[in-house]
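Remarks on the structure that follows.
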Amino acid sequence: MQKTAIIAEYNPFHNGHYYQAQTARHETGADVMIAIMSAQFTQRGEPASFDKWKRAKAAVESGAIDLVIELPTQYGVQRADRFAKASVSIAEQLRCQTLSFGSESGDIDAILHAARSHVEETSRYKEALQEALHEGHSSAQASSRAFRTVYPSFDLTRPNNILGYHYAKAAKMIQLHTVKRLGADYHDPSLMDIMSATGIRAHYLDTGEVRAVPASTEAMFRTQPMTHWEHYWPVLQFKLRTLPLHTLTELVGIDASLAPRLKQAGVEPSFERALATVSTRRYTRTAIQRAFVAVLLHWLKDEAPTRFDEVPYVRPLAFNDLGRLALRDVKDDVPLVSKFDARLDFEARVTEAYRLPLQDDALIEHRQRPQFISSK
């Protein structure tokens, strides 16, 4: 069975995702398309626009994806290299022969060459990195600037190029394939047939209109309000105002310099005002959002994974007939989780934090089972 994996957030699943999956299926000769998808919060530290079960269902109902596997929150709300290691490890556990991803370059050879160049091991890179850090740049920005100094032919500032680069570094057995992005870039709000997820969400909040998505995703918008950070601000504000500084520094992604800034942000009237108050060159919007996720979840540093190239379980969220065959193919040697058990305790806590402001009792974790979507 030829299996091709895609690492995704589907926030929400849109026409660009549909194009990528269909192109990858054709170009890699896949019998089964498997998406490894972020859970209730995204890699950049945002609450997903819709819960993981609805997003997984929409992807499979589109016909482009056959099986959606959960990327657990502890591995998914992480910087790009950790996110990539965990996602690739799941794809390799599932014995996927190919990993396909979108990229701005569309040039797999350029991505592979950059990943195999060992830039980060050079003294020139290390010197440039320290210089950028001393100038006050965040670690991610400093890394990209240092990389460009040593290896200017590959743009490591573009979001999908960054992830593609880290997928290539993480891959041990899996072959890589890329599809050049069509339409809008990640943060581009332009209106067109293929829009960015950011643009789709912004347009919906501004107008109430859903654009550039398959019918399965449009139906999701029609049945439930879209989730965003402002839903969580009252709870987050309470926690920022009441948690002691020393407790904040025990949480993932929060150091002694950031903790007081977060406390000050707790007096702001809205999430966006709080984010603007805290953000600096050193503490980017993404880093602050991840810190806010940690506060919301009370995610302690000793609960973070010690390594990211081993994810302890594989959890299907939705599948069709082909996806079920893919699961049967690996069930004897992969730690599949289809019913609630202790391995999902942290994920249950995540879902409680995600669902409570939405007052959605249907999202209680222990009630959930993988969803079968008929292919007929």
Side-chain angles (χ1 to χ4, degrees), residues 38-48 72-83 126 128-146 157 159 162 187 198 227-306 308 346 349-358:
S38 297
Q40 312 290 32
F41 293 86
T42 70
Q43 190 257 335
R44 294 174 177 85
E46 296 175 319
T73 299
Q74 291 159 294
Y75 300 85
V77 184
Q78 294 285 353
R79 68 193 195 208
D81 60 327
R82 293 174 173 178
F83 175 92
K126 293 174 182 177
L129 177 65
Q130 290 303 313
E131 182 178 335
L133 289 171
H134 289 153
E135 291 174 357
H137 294 284
S138 69
S139 58
Q141 291 170 337
S143 177
S144 293
R145 288 168 68 91
T157 65
I162 293 170
H187 295 293
T198 303
T227 306
H228 51 82
W229 260 123
E230 294 298 344
H231 288 117
Y232 301 89
W233 181 238
V235 175
L236 190 55
Q237 186 180 47
F238 168 76
K239 299 194 77 169
L240 291 173
R241 289 183 178 187
T242 58
L243 286 176
L245 280 174
H246 71 84
T247 301
L248 285 176
T249 61
E250 295 171 355
L251 304 180
V252 169
I254 302 175
D255 58 22
S257 297
L258 179 56
R261 298 181 65 85
L262 295 177
K263 293 284 287 184
Q264 293 169 7
V267 305
E268 297 295 337
S270 69
F271 174 80
E272 286 298 330
R273 285 277 297 274
L275 192 61
T277 298
V278 182
S279 298
T280 64
R281 282 207 302 180
R282 178 181 177 187
Y283 297 117
T284 63
R285 181 185 180 99
T286 295
I288 299 304
Q289 288 184 155
R290 289 189 195 128
F292 281 152
V293 171
V295 174
L296 190 67
L297 303 180
H298 205 86
W299 182 6
L300 297 168
K301 288 174 179 172
D302 63 9
E303 294 178 305
T306 56
F308 291 86
F346 187 87
R349 192 164 103 207
V350 173
T351 293
E352 282 300 288
Y354 180 86
R355 78 171 187 88
L356 284 173
L358 310 178

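This one's a predicted model, so the numbers in the text were calculated from it and none came from an experiment.
Of all the heavy atoms in Val252 and Ala304, the pair that sits closest is CG2-CB, 4.2 Å. In this structure, Thr73 and Ala39 approach most closely via the heavy-atom pair OG1-CB, 3.8 Å. Heavy atoms only, all atoms of each residue included: Tyr232 and Pro47 are closest at CE1-CB, 3.7 Å. Pairing each heavy atom of Leu258 with each of Gly253, the nearest pair is CD2-O, 3.6 Å. In plain terms, the two heavy atoms of Pro260 and Ala256 that are nearest each other are CD-O, 3.1 Å. Val267 and Arg241 get closest at one heavy-atom pair: CA-NH2, 3.6 Å.
Using a 30° and 60° split on the angle between ring planes, Phe41 and Trp229 fall in the tilted class, from 30° to 60°.
Looking at heavy atoms from C-beta onward, Thr227 lies in side-chain contact with Leu358 at the 4.5 angstrom threshold. Gln141 has its side chain out of reach of Arg282: every pair of non-hydrogen atoms, C-beta onward, lies at least 4.5 Å apart. Side-chain contact between Gln40 and Arg355: absent, with no pair of heavy atoms (C-beta onward) separated by less than 4.5 Å. A heavy-atom distance below 4.5 Å is found between the side chains of Tyr283 and Asp255.
Residue Leu251 holds its CG atom at 7.0 Å from CG of Leu243, rounded to the nearest 0.5 Å. Put simply, OG1 on Thr247 and CD on Glu250 are 5.0 Å apart, with the number rounded to the nearest 0.5 Å. Atoms CG and CZ, from Leu248 and Arg261 in turn, are 14.0 Å apart once rounded to the nearest 0.5 Å. Separation of atoms CD (Gln289) and OG (Ser279) is listed at 8.0 Å; rounding is to 0.5 Å. Note: Leu129 CG to His134 NE2 = 9.5 Å, rounded to the nearest 0.5 Å. The line from OG of Ser38 to CZ of Arg44 is 9.5 Å long, rounded to the nearest 0.5 Å.
Remark: Arg349 pairs with Glu303 by the salt bridge (charged side-chain N to carboxylate O under 4.0 Å, His left out) rule, at least two apart or across chains. When the side chain to side chain contact (heavy atoms under 4.5 Å, CB included) test is applied to Ser270, the partners found at least two apart in sequence or on another chain are Glu230, Glu272, Arg273.
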Can you give me every donor-acceptor pair (side chain of residues 292-301, partner residue at least two apart or in another chain, under 3.5 Å) with its distance?
| unit_1 | atom_1 | unit_2 | atom_2 | d |
| --- | --- | --- | --- | --- |
| Lys301 | NZ | Thr249 | O | 2.7 |
| Lys301 | NZ | Ile254 | O | 2.9 |

Yes or no on side chain to side chain contact (heavy atoms under 4.5 Å, CB included) for Arg79 and Arg290, after CA distance, side-chain angles and deciding distance? CA-CA 9 Å; Arg79 68 193 195 208; Arg290 289 189 195 128; 4.1 Å; yes
Step by step, would you call Trp233 with Leu240 a side chain to side chain contact (heavy atoms under 4.5 Å, CB included)? CA-CA 10 Å; Trp233 181 238; Leu240 291 173; 4.0 Å; yes
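Side chain of His231 to main chain of His228: a donor-acceptor pair is present (N/O by atom type, distance under 3.5 Å, no hydrogens or angles). Although no hydrogens or angles enter the test, the distance criterion places a donor-acceptor pair under 3.5 Å between the side chain of Gln43 and the main chain of Gln78. Between the side chain of Tyr75 and the backbone N or O of Arg82, no donor-acceptor pair lies under 3.5 Å. Side chain of Lys263 to backbone of Pro244: no donor-acceptor contact under 3.5 angstrom is found.
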